[in-house]
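Throughout, numbering of the chain's residues begins at 1 and tracks the sequence. As the structure is a prediction and not an experimental result, all values here were calculated from the model.
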Amino acid sequence: MPSEIQTLGSLLRTWRERTDPKDAGMVGGGRRRAKGLRREELAALAGVSADYVVRLEQGRFRTPSAQVVAALARALRLSGSETELLFRAANHLPPGPGTVSVEVPPAAQRIVSRMPDQPLAVFTAEWTLLFANRLLCALFDLPSPAEAVGMNLVERTFIEGTTSVISTPLGGNEVFERALVADLRLSASDLGHDPAFQTLVASVRARSPRFAALWDEGSAAPHNALVKTVHHPVVGDLTIDCDTLMVTGSNVRIIACSTPPGGPDAEKLDALRALVAATAVPAA
């Protein structure tokens, strides 16, 4: 049927089968009975389960999140037009002016891949996690990077209350809360008509009186930098500088955490690096 040509499942299957495993960074793996990426390889590259890819291709699940669609597009090395087609097939507004970017741009990918010894994360403009390395997950007591992707920092802060393990030297956790809401307010000037952005703000306002009060104050400012003290269960209190780096041509932001060299906080971060290295799963 002609209508089947543009379904999410058929598009994924077609683009998976045309993708050269070597271009996607896959080496070895023995003889292949079919061309292209295996489903489990696409799943690994996109940070989802192989069963999830099977269900998408078979049409048993047709509404993946925008973050998952972006991850699949990256893994399949799709062009801009193909990425737009994949987003529409999944019933999402394609990335573009006035929408929340859900792709990690090449510049951001290079930065995070070349700095694995620093805690790094990439967030959307409405603070949904697109990428986190293992060191950042260990620092903030998050699950594995693949499991953490898709978490929203605004929801975790104002609804789940998970940021209680973080404070700031001046003003406690309130400084962080105000900075987060002010940044979201600023983003609303460009992205306020994006359905995902609208849904997030409306949902958190309805569920968190604290967020609603801060939002209604109207403060708007970029979240550039903040000093945070993390109450870590293993290495103890660790004070870090968290800097926000905007990516040109996109509204995603990189969060880079660091400590001044030579002090007790640097030693604690070194201890955390050693812990992460010791618990790393050996490559197959």
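- Each of R18, R88, R77 was evaluated against E82; a single residue qualifies, R18, per the salt bridge (charged side-chain N to carboxylate O under 4.0 Å, His left out) test.
- Contact check on R185 versus E217 returns no salt bridge, with no Lys/Arg side-chain nitrogen under 4.0 Å from an Asp/Glu carboxylate oxygen.
- Note on R13 versus E17: no salt bridge recorded, every NZ/NE/NH1/NH2 to OD/OE distance being 4.0 Å or above.
- The residues R205 and E155 are annotated as not salt-bridged, no charged nitrogen and carboxylate oxygen being separated by less than 4.0 angstrom.
- If you check the side chains of E147 and S144, you find a donor sitting under 3.5 Å from an acceptor.
- Follow the hydrophobic side-chain contacts under 4.5 Å out from V149 and you never reach L56; the two are in separate clusters.
- In this pair, F211 and W215 present their aromatic rings parallel. The plane angle is below 30°, not in the 30 to 60° band.
- Classification of K228 and D241 as a salt-bridged pair fails, no side-chain N sitting under 4.0 Å from a carboxylate O.
- With sequence neighbours excluded, the residues forming a salt bridge (Lys or Arg N to Asp or Glu O under 4.0 Å) with D270 are R273, listed by chain and number.
- Judged purely by distance below 3.5 Å, without hydrogens or angles, the side chains of N152 and T128 pair a donor atom with an acceptor atom.
- Aromatic ring orientation, W127 versus H223: tilted (interplanar angle from 30° to 60°).
- The side-chain contact (heavy atoms from CB on, under 4.5 Å) test with L214 is passed by exactly one of V181, L184, L180: V181.
- A 4.5 Å side-chain heavy-atom check between V247 and I254 finds at least one atom pair inside the cut-off.
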Show which side-chain atoms of residues 105-114 pair as donor or acceptor with protein atoms under 3.5 Å away, not counting sequence neighbours.
| residue | atom | partner | partner atom | Å |
| --- | --- | --- | --- | --- |
| Q109 | NE2 | V104 | O | 2.7 |
| S113 | OG | Q109 | O | 2.9 |
| S113 | OG | R110 | O | 3.1 |

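- There is no side-chain donor-acceptor pair under 3.5 Å between T63 and N91.
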